[in-house]
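Take a look at the structure below.
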Amino acid sequence: MGEIWNRDINPPQQLMTTSGLDALIHNERIAAAFDTYERRANHWKRAFHVGGVITLVASVVGMGLVGYQAVLAPIAGPLPLAPVIGFFAGAVGIAATGFLLLGHPRERWLSARLGAERLRCFKFRLFLLLAHGAEADTLTSRIRQETDRTLARFDFQMGGGFAVLHYTPSSDESAVPPLAPGAATHPAWLDAAKTLYADLRINVQLQHFAARMEDRDAELRPMRRFGDLLFAAGLLLTIAQLLFDGAHWALGGTGISDAAAASMTFLSLLLFTASAALLLLERGRNVEVDRERYARYHAEIAAYADALPAADLAGFLTLIHDIERLCLCELRDFVRDMRGSSYLS
């Protein structure tokens, strides 16, 4: 079974424990705002990648037709449907390229993803309110007030258009509040709070990063191997043609036939073009950079997971601060890396 997405935002009711801590894990306003940004991010992500793949396919088809017309057509004759196929591939390619350049699907995807993940971090930063205690009515009231304040600020910041992509975590986004006077270092509810945070935040993040690493490994290896195979095949055809011509010249022959030479040249060009298209596909999907980032943050989150069981209340709050800061930094790095991805160059 695959990963269940966003189960930390919409956890099952079975996780409800005491009424006080329930307010931390079931926040309908955050969940509703998150769902809006999540749907928007998924829509524009699909649009960006579909547009990129269409551009690459149209380019390969167009280059293949141009190569055929230049190399093989004088010998084998023109392809009957070449003008129709060429016109269709060119029109589709231009439309897809125009969409990528003028429709800004990448920027729309990243700004929506930025919004969704900041909301996720905000939900778990509410655990810092435990510095004031876990009395049900007081905690629920504080959560409501903090949700109102932060969502209003969040909406204002997200109104900046694509400028939000220059996001840098601010020092006050996860500041640790001082403990309430007389607060116990290990109150009775602390273990339950640590269990909830570990289940919903730490373990979900660890599983998510591990799953994404596996996905990137599964995607990167065959893509690179196939691209290398295409490039090597084109190179071998080119070398073989040169060797045939050299051998026939040295032996006083006339070389291979024009039809054979043209066929080898055309296949070499086609293989090199397909290999280049795969490199652009890898660049557009940013596979290797994603994999390295997931591995780095997985290791850092795992270190915090090891430190959680022994933490007292102050240590628990500091750990929450550090993890949420780390997640915001990962979000910043993700946006920066994906802004450098492109299917066009």
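Index from 1, following the sequence.
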Find the distance between [atom1] ([X]) and [atom2] ([Y]) and round it off to the nearest 0.5 Å.
| X | Y | atom1 | atom2 | result |
| --- | --- | --- | --- | --- |
| F162 | L110 | CZ | CG | 9.5 Å |
| T265 | L270 | OG1 | CG | 12.5 Å |
| R108 | L165 | CZ | CG | 11.5 Å |
| L319 | K194 | CG | NZ | 9.5 Å |
| C329 | E300 | SG | CD | 9.0 Å |
| L130 | W189 | CG | CH2 | 4.5 Å |

Residues forming a ring pair (Phe, Tyr, Trp, His ring centres under 6.0 Å) with H132, sequence neighbours excluded:
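Per chain and number, H132 pairs via ring pair (Phe, Tyr, Trp, His ring centres under 6.0 Å) with no residue.
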Going by ring pair (Phe, Tyr, Trp, His ring centres under 6.0 Å), name the residues that satisfy it together with F154, two or more places apart in sequence or in a different chain.
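With neighbours one apart ignored, the set is Y37.
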Would a single hydrophobic cluster contain both [Y] and [X], if residues Ile, Leu, Val, Met, Phe, Trp and Tyr are joined by side-chain heavy-atom contacts under 4.5 Å?
| X | Y | value |
| --- | --- | --- |
| L81 | V57 | yes |
| M213 | L206 | yes |
| V50 | V92 | yes |

List the steps, then state whether side-chain contact (heavy atoms from CB on, under 4.5 Å) holds for K123 with L119.
CA-CA 6 Å; K123 172 178 179 174; L119 287 167; over 6 Å; no
How close do [X] and [Y] get, counting heavy atoms only, and between which atoms?
| X | Y | value |
| --- | --- | --- |
| S268 | T238 | OG-OG1, 3.4 Å |
| L179 | A314 | CD1-CB, 4.2 Å |
| L139 | G133 | CD1-O, 4.1 Å |
| L271 | G234 | CD1-N, 3.5 Å |
| V164 | S111 | CG2-CB, 3.9 Å |
| L56 | A277 | CD1-O, 3.6 Å |

Show your reasoning for whether side-chain contact (heavy atoms from CB on, under 4.5 Å) applies to E117 and F334.
CA-CA 11 Å; E117 296 308 320; F334 164 76; over 6 Å; no
Crowded around M158 CE? As in, over 12 foreign heavy atoms under 6.0 Å?
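Yes.
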Taking the side chain as everything from C-beta on, heavy atoms only, tell me whether L269 gets closer than 4.5 Å to M63.
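L269 vs M63: side chains apart.
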Can you find a pair of side-chain heavy atoms, one from R201 and one from C327, that are under 4.5 Å apart?
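They are in side-chain contact.
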Step by step, would you call D35 with N10 a side-chain contact (heavy atoms from CB on, under 4.5 Å)?
CA-CA 10 Å; D35 288 343; N10 298 293; 3.9 Å; yes
Pair R142, E146 - check salt bridge (charged side-chain N to carboxylate O under 4.0 Å, His left out), show working.
CA-CA 6 Å; R142 288 184 182 276; E146 186 66 14; over 6 Å; no
Any ring-ring contact (aromatic ring centres under 6.0 Å, His included) involving residues 270-299? Give me the pairs, sequence neighbours left out, ordered by first then second residue.
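Passing the test, one end in residues 270-299: F209-Y294, F231-F272.
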For W109, run the ring pair (Phe, Tyr, Trp, His ring centres under 6.0 Å) check against H104, H43, H49 and tell me which one passes.
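Exactly one option meets the ring pair (Phe, Tyr, Trp, His ring centres under 6.0 Å) with W109, and it is H49.
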If you measure from the Lys or Arg side-chain nitrogens to the Asp or Glu carboxylate oxygens, is any gap between R212 and D290 under 4.0 Å?
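Here R212 does not pair with D290 in a salt bridge, since their nearest N and O are not under 4.0 Å apart.
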Can R325 and D322 be counted as an ion pair, charged N to O under 4.0 angstrom?
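D322 and R325: not salt-bridged.
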Go through the steps for Q207 and R7 under the test side-chain contact (heavy atoms from CB on, under 4.5 Å), then give the verdict.
CA-CA 12 Å; Q207 292 166 7; R7 61 193 186 280; 2.3 Å; yes
What residue among F127, Y197, F124 forms side-chain contact (heavy atoms from CB on, under 4.5 Å) with I25?
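Exactly one pass, corresponding to F127.
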